Amino acid sequence: MLQRARDRTHEIIADSRFRNLASARAKLRWSLSIVTLIMFFGFIALISTAKKALGAAVAGSSIPLGLLLAISMIVMVVILTGFYVYRSNSRFDELSRLLNREFGQ
């Protein structure tokens, strides 16, 4: 029984559609993760180098520039998450269902 499960696993892993699905998911995940990390570490670097500029009020209001940038980053992370969910639902889920039907899972 264990050997049969191993053979089945190797069969699934050898399937080019499965490899394409896994590769596409990984590329998207890593790309979005890198963008998020660059944003956050860039913001931290900006805080350490331009404290006065971030503390300055945005023209015509009392909101500091740093707060506006922090809120913008949060909004951007929500947008990136939404993009991942959209992409997953529109492309990856269909490929997963197809593979599940074919391999009987």
Side-chain angles (χ1 to χ4, degrees):
M1 173 96 172
L2 184 58
Q3 182 61 34
R4 185 173 164 196
R6 285 184 183 157
D7 291 342
R8 187 72 165 160
T9 301
H10 289 296
E11 179 185 354
I12 293 169
I13 291 172
D15 189 274
S16 64
R17 291 170 299 172
F18 175 79
R19 286 190 305 211
N20 289 339
L21 173 64
S23 174
R25 275 187 171 169
K27 284 178 187 175
L28 182 60
R29 270 194 317 266
W30 280 109
S31 298
L32 295 177
S33 296
I34 289 169
V35 167
T36 303
L37 286 172
I38 288 172
M39 258 187 344
F40 280 100
F41 284 115
F43 185 66
I44 291 170
L46 191 61
I47 289 171
S48 68
T49 58
K51 289 179 186 176
K52 289 190 182 216
L54 293 175
V58 177
S61 73
S62 61
I63 300 174
L65 180 61
L67 179 62
L68 188 62
L69 286 174
I71 291 171
S72 298
M73 282 186 5
I74 292 168
V75 169
M76 188 63 180
V77 168
V78 170
I79 290 170
L80 290 175
T81 302
F83 175 72
Y84 179 80
V85 169
Y86 168 77
R87 185 74 162 172
S88 179
N89 289 341
S90 65
R91 180 166 180 228
F92 301 143
D93 286 353
E94 182 61 35
L95 291 173
S96 294
R97 280 192 290 275
L98 176 70
L99 289 169
N100 281 336
R101 270 187 253 126
E102 181 174 325
F103 291 107
Q105 301 265 329

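It should be emphasised that the depicted structure is a prediction, and the values quoted were computed from it without experimental measurement.
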Rounded to the nearest 0.5 Å, how far does OG of S88 lie from CD of E94?
12.0 Å
Do you know the tightest heavy-atom contact between F43 and G66?
CZ-O, 3.7 Å
Under a 4.5 Å cut-off applied to non-hydrogen side-chain atoms, are P64 and L54 in contact?
no
Should L46 and V35 be regarded as members of a common hydrophobic cluster, given that ILVMFWY residues are connected when their side-chain heavy atoms come within less than 4.5 Å of each other, either directly or indirectly?
yes
Do L32 and M76 share a hydrophobic cluster, counting only Ile, Leu, Val, Met, Phe, Trp and Tyr and linking them when any side-chain heavy atoms are less than 4.5 Å apart?
yes
To the nearest 0.5 Å, how far apart are CZ in R91 and CZ in R25?
10.5 Å
Which pair of heavy atoms, one from L28 and one from F83, lies closest together, and at what distance?
CD1-CE2, 3.6 Å
Can you tell me if S31 uses its side chain to pair, donor with acceptor, with the backbone of K27 under 3.5 Å?
yes
Would I63 end up clustered with L69 when hydrophobic side chains under 4.5 Å apart are linked, directly or stepwise?
no
Report, as yes or no, whether the 6.0 Å neighbourhood of atom CD1 on I47 holds more than 12 heavy atoms from other residues, nucleotides or ligands.
yes
Can you tell me how far apart CD1 (I38) and OG (S33) are? Round to the nearest 0.5 Å.
11.0 Å
State yes or no: do F18 and L98 share one hydrophobic cluster built from I, L, V, M, F, W and Y residues joined by side-chain heavy-atom distances below 4.5 Å, directly or via other members?
no
Find out whether N20 and L95 are in side-chain contact, i.e. whether some heavy atom of one side chain is under 4.5 Å from a heavy atom of the other.
no
Answer whether the closest heavy-atom distance between the side chains of R17 and L99 falls below 4.5 Å.
yes
Minimum heavy-atom distance L68-S72, with the two atoms named
O-OG, 2.8 Å
Do the side chains of V58 and I71 join up, straight or via other hydrophobic residues, at under 4.5 Å, putting them in one cluster?
no
Could you measure the distance from the NE2 atom of H10 to the CG atom of D7? Nearest 0.5 Å is fine.
7.0 Å
Could you report the tightest heavy-atom contact between R19 and I13, atom names first, then the distance?
CG-O, 3.3 Å
Reported CD1-to-CE distance for the pair I74 and M39, which is rounded to 0.5 angstrom
10.0 Å
